[in-house]
2 protein chains.
Amino acid sequence: MDSAEDTVDGYRPWSEVTPDAARRLLVAAVEAFAERGYHATTTRDIAGRAGMSPAALYIHYKTKEELLHRISRIGHDKALDILTTAADGSGCAAERLDAAVRSFVRWHAAHHTTARVVQYELDALAPEHRSEIVTLRRQSDAAVRRILTDGVAAGEFDVPDVPGTTLAVLSLCIDVARWFSVAGQRTPDEVGALYADLVLRMVGARPRPQK
Amino acid sequence: MDSAEDTVDGYRPWSEVTPDAARRLLVAAVEAFAERGYHATTTRDIAGRAGMSPAALYIHYKTKEELLHRISRIGHDKALDILTTAADGSGCAAERLDAAVRSFVRWHAAHHTTARVVQYELDALAPEHRSEIVTLRRQSDAAVRRILTDGVAAGEFDVPDVPGTTLAVLSLCIDVARWFSVAGQRTPDEVGALYADLVLRMVGARPRPQK
DNA sequence: AGGGTGGGTGAGCAAGCGCTTAGCGTTCCC
DNA sequence: GGGAACGCTAAGCGCTTGCTCACCCACCCT
């Protein structure tokens, strides 16, 4: 249903999942999990959306939880990649923070179906898979914190509580996945721009630091 | 388990639910829903936590969904009450925004168990119950928007996009329920203070408007 | 031509689900 | 003191769940 997701940011999602049948099942699972939640989704529903019989799922995945894990892993990898690319880029702290928030939010809005599963179904993962994902999330936190610390050190930002503000910034971005709707009047680009502006205000960024 | 919730802000939660057995079941349901999600929680689990047999649940509630609806309704009423009390209070726009965010966030942190159910299990409600709750949420949105509009009109705030910023402020506050943990090092009061500061920055509040 | 291989199906199992029903003990009122 | 009313339980019904198994068929290499 969400075919608009197929070609965003010039990359084809789930292209890393092969063979074709496994990818179709995974895409079906993303849609179903996002719509009804992991626990409310049945394996029959997933297989049905992919145009297959219930048993076909178990040729490509051992359990329903493995499907969620694969989705969560790929999604977190992508989200972390977007964030660290911006965080480790060139430019002053304000520019990097702007880029990080803008692209992170744009991804959460454009891929809100995937993002919803990735961000809100963490508790449904098996303990060992959950801790693997939590490690990735800590890296996201570190990336944002790095920008804030740099900005404070350079005198660009005024942030009394760096860990708390880091948490708030990430929380703000992530929650986009919950409320964003294609039926709404904002495009992912617009939300990204709005949020980048709001976050720069939150950190007290000076228009031009020392020029 | 979360007995610390029993007496916060000087009011006893769920005191409006009678008789005693019905309240015990409801409290058990809140804990179970918050821990595992609505769909992953069984009626046997709820009854077990309340120290009753599975059938006891159906003496006080028609269905499992009615339990969720009652929880959601009471929680939304309380959250909206907190928000509108602050929004309609006296003081300049900045003071009212500070109070609104501070108390709203404090509630989400202190009652994060309840808040998690209230904010994240909306889709599990039956359509007619869902639309009833959505109405309440629109009132929350209106309350915050009112403060922002007032602040802009008074020249206290600099907000280019009032609806978008309203959405972001509420989103930021609500997401506290997702990440807040009693194991963390912040108290609800501290998070409330931090967030009030961050939001005042987001709206470009001037330290003293015209004094 | 023919047998192996890998992706697929139809049918179904054991377990667990939400919810119901028959019945039981206590309380309360006349 | 007798009976209705109430709060609750033990047992279990009908159904759905995640998952399995026996089998099938298109394709491939020799």
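Quick note on labels: first sequence line is chain A, next is B, and so on, each numbered from 1.
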Relative to the 5' end of DNA chain C, which residue comes earlier, A:Ala21 or B:Ala40, by the nucleotide with the nearest heavy atom?
-> A:Ala21
Residues A:Asp189 and A:Arg106: closest non-hydrogen pair is OD1-CD, 2.9 Å
Criterion side chain to side chain contact (heavy atoms under 4.5 Å, CB included) against B:Val199, the qualifying member of B:Val105, B:Leu172, B:Asp98 | B:Leu172
Taking the side chain as C-beta and beyond, is there a heavy-atom pair between B:His39 and A:Arg36 under 4.5 Å?
-> no
Nearest to the side chain of B:Thr43 - D:dC8, C:dT9, C:dG18?
-> C:dG18
Counting just side-chain N and O atoms, does B:His60 come under 4.0 Å of either OP1 or OP2 of D:dC8?
-> yes
Report yes or no: is the cationic atom of A:Lys64 (NZ for Lys, CZ for Arg) under 6.0 Å from the centre of the six-membered ring of A:Tyr38, at an angle within 45° of the ring normal?
-> yes
Whole angstrom is fine here: how far is it from CE in A:Met52 over to C1' in C:dG8?
-> 9 Å
For the pair made of CD in A:Glu65 and C1' in D:dT17, what is the distance, rounded to whole Å?
-> 17 Å
Figure out the NZ/P separation between A:Lys64 and D:dT17, and round it to whole Å.
-> 9 Å
Roughly how many Å is it from CG in B:Leu25 to P in D:dG7, rounded to a whole number?
-> 13 Å
Expressed in angstrom and rounded to an integer, what is the separation of A:Tyr61 atom OH from D:dT20 atom P?
-> 16 Å
For A:His39 and C:dC17, what is the distance between atoms NE2 and C1' respectively, to the nearest whole Å?
-> 14 Å
Consider the side chain of A:Ile59, meaning its heavy atoms from C-beta on, and name the nucleotide among C:dG18, D:dC19, C:dT9 that approaches it most closely.
-> C:dT9
Between C:dG8, C:dA11, D:dT9, which nucleotide has the shortest distance from any of its atoms to the side chain of A:Ala55?
-> C:dA11
Contact class for B:Ser53 vs. all strands (heavy atom < 4.0 Å): base, sugar-phosphate, or nothing?
-> base
Spacing of A:Asp45 atom CG relative to D:dC19 atom C1', expressed in whole Å = 16 Å
Note: for A:Thr42 and B:Arg44 on DNA chain D, the residue whose nearest nucleotide lies more 5' is B:Arg44
Relative to each other, are the rings of B:His69 and B:His129 parallel, tilted or perpendicular (30° and 60° limits)?
-> parallel
Separation of A:Tyr58 atom OH from D:dC19 atom P, in whole Å?
-> 4 Å
